[in-house]
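Order of listing sets the numbers, starting from 1, for every ligand and every atom in it.
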Amino acid sequence: MAVIPEITLSSCGKTMPVIGMGTSPYPPTDKETTKTALIEAIKAGYRHFDTALAYRSEEPLGEAISEALRLGLIKSRDELFITSKLWSSFADKDMVVPAIRMSLRNLQLEYLDLYLIHWPFKLSQNVRSLPTTRENIFPLDIKSVWEGMEECKTLGLTKAIGVSNFSCKKLEELLSTAKIPPPVNQVEMNPLWQQKQLREFCKGKGIHITAYSPLGANGTKWGDNRILECDVLQQIAKAKGKTTAQVALRWVHEQGVSLVAKSYNKERMKENLQIFDWSLTEEESNKISNLPQRKGVLVANILGPHDFSLELDAEI
Ligand SMILES: NC(=O)C1=CN([C@@H]2O[C@H](COP(=O)(O)OP(=O)(O)OC[C@H]3O[C@@H](n4cnc5c(N)ncnc54)[C@H](OP(=O)(O)O)[C@@H]3O)[C@@H](O)[C@H]2O)C=CC1
Ligand SMILES: O=C[C@H](O)[C@@H](O)[C@@H](O)[C@H](O)C(=O)O
């Protein structure tokens, strides 16, 4: 089994494996398929799982954890690092604690390791599907929602609280009022969307970046094959006897961030863990750093092409 490096997050009191299993599949998978895949992931050595209320993967992840304990794959829940996220329909100060309690019930857990604000926007309670109309979308009241997040930590419902999809501007706003500064910002990051400016900013503020869609979300409706079909990455992979996916993941890892990659395929989930006992040369790394950049995950595709979405896309 691969030895996975771990990092310490400020104010968390627990280490986080630098690679986690994503649980946002496309097309959506049924509960049993998800549970089976996540048990395989635990068998393969994954101990960090990234879920969200919006993914509907909390329940099958909870079942997979119970099954892993029954099977003796893990001795205690404490061996796992579980992240979940506050969905935007609950992005109101008074709804944060009820929302995390709902996630904990779904997961059959007493605490999360990390709870993130999923997106820096708020949606009406009545939104059942996305995209949606403009009147259902609101700016996030960062100060008051973060107070709700802080309460989750104070109550012991999560070991750490953080954010996702936050720009430098949104982080500045949060840092100006937060009693507990966020140790993590989870954002899209891969060789074709390197987030240099945001990474620099976060480094200066002691905020750790977790990269999502590190493989460009190949095969999903929010991603494509631009990473796996990238000539430069393919050439490097060929020269090193690695796969293109491994080269992309290794590059992300070498930038000093953690990452969450999703695979429900037994072979590919193992392949994605084989990135810690070799490295890229300086020349290979430089070639990747110079690749032309294009953002993959667009708010305009999630919410609809409203003024609000376009402004947020220009910011993050
Ligand atoms: N905070 C946020 O807003 C967001 C968070 N996320 C999180 O990040 C996770 C990962 O990102 P995601 O968007 O899923 O995209 P990824 O970049 O992880 O790509 C996942 C896709 O790549 C395929 N794949 C995985 N490994 C390989 C491989 N070795 N070779 C070829 N194909 C491969 C998977 O298919 P298969 O399963 O068949 O292997 C799947 O279709 C999500 O699952 C979610 O947990 C994602 C988006 C937004
Ligand atoms: O319903 C909307 C979706 O959950 C969307 O916001 C997420 O899929 C996001 O891109 C993610 O994967 O974290």
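- A heavy-atom distance below 4.5 Å is not found between the side chains of Glu6 and Phe81.
- Aromatic ring pairs are classed by plane angle as parallel below 30°, tilted from 30° to 60° and perpendicular above 60°; the pair Trp119 and Phe121 is parallel.
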Write none if no such pair exists; otherwise list each N/O atom of ligand 2 with its protein N/O partner under 3.5 Å and the distance.
from	atom 1	to	atom 2	distance (Å)
ligand 2	6 (O)	Trp119	NE1	3.2
ligand 2	12 (O)	Ser24	OG	3.3
ligand 2	12 (O)	Tyr55	OH	3.4
ligand 2	13 (O)	Tyr55	OH	2.5
ligand 2	13 (O)	His118	NE2	2.7

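- Relative to the ring axis of Tyr111, Arg77 places its NZ or CZ within 45° and under 6.0 Å from the centre.
- A heavy-atom cutoff of 4.0 Å around ligand 1 is satisfied by the protein residues Gly22, Thr23, Ser24, Asp50, Tyr55, Lys85, His118, Trp119, Ser164, Asn165, Gln186, Tyr212, Ser213, Pro214, Leu215, Gly216, Ala217, Asn218, Trp222, Leu228, Ala245, Val260, Ala261, Lys262, Ser263, Tyr264, Asn265, Arg268, Glu271, Asn272.
- Distance check, rounded to the nearest 0.5 Å: CD1 of Ile316 to CG of Leu198 gives 9.5 Å.
- In this structure the side chain of Ile4 never reaches within 4.5 angstrom of the side chain of Arg47, judged on heavy atoms.
- Annotation: cation-pi geometry satisfied between Lys262 and Tyr264 (NZ/CZ under 6.0 angstrom from ring centroid, within 45° of ring axis).
- Under the 4.5 Å side-chain criterion, counting only non-hydrogen atoms from C-beta, Val3 is not in contact with Asp277.
- Counting only heavy atoms from C-beta outward, the side chains of Thr23 and Val260 never approach each other to under 4.5 Å.
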_Check against side chain to side chain contact (heavy atoms under 4.5 Å, CB included), Leu86 and Val96_ = CA-CA 7 Å; Leu86 174 76; Val96 182; 4.1 Å; yes
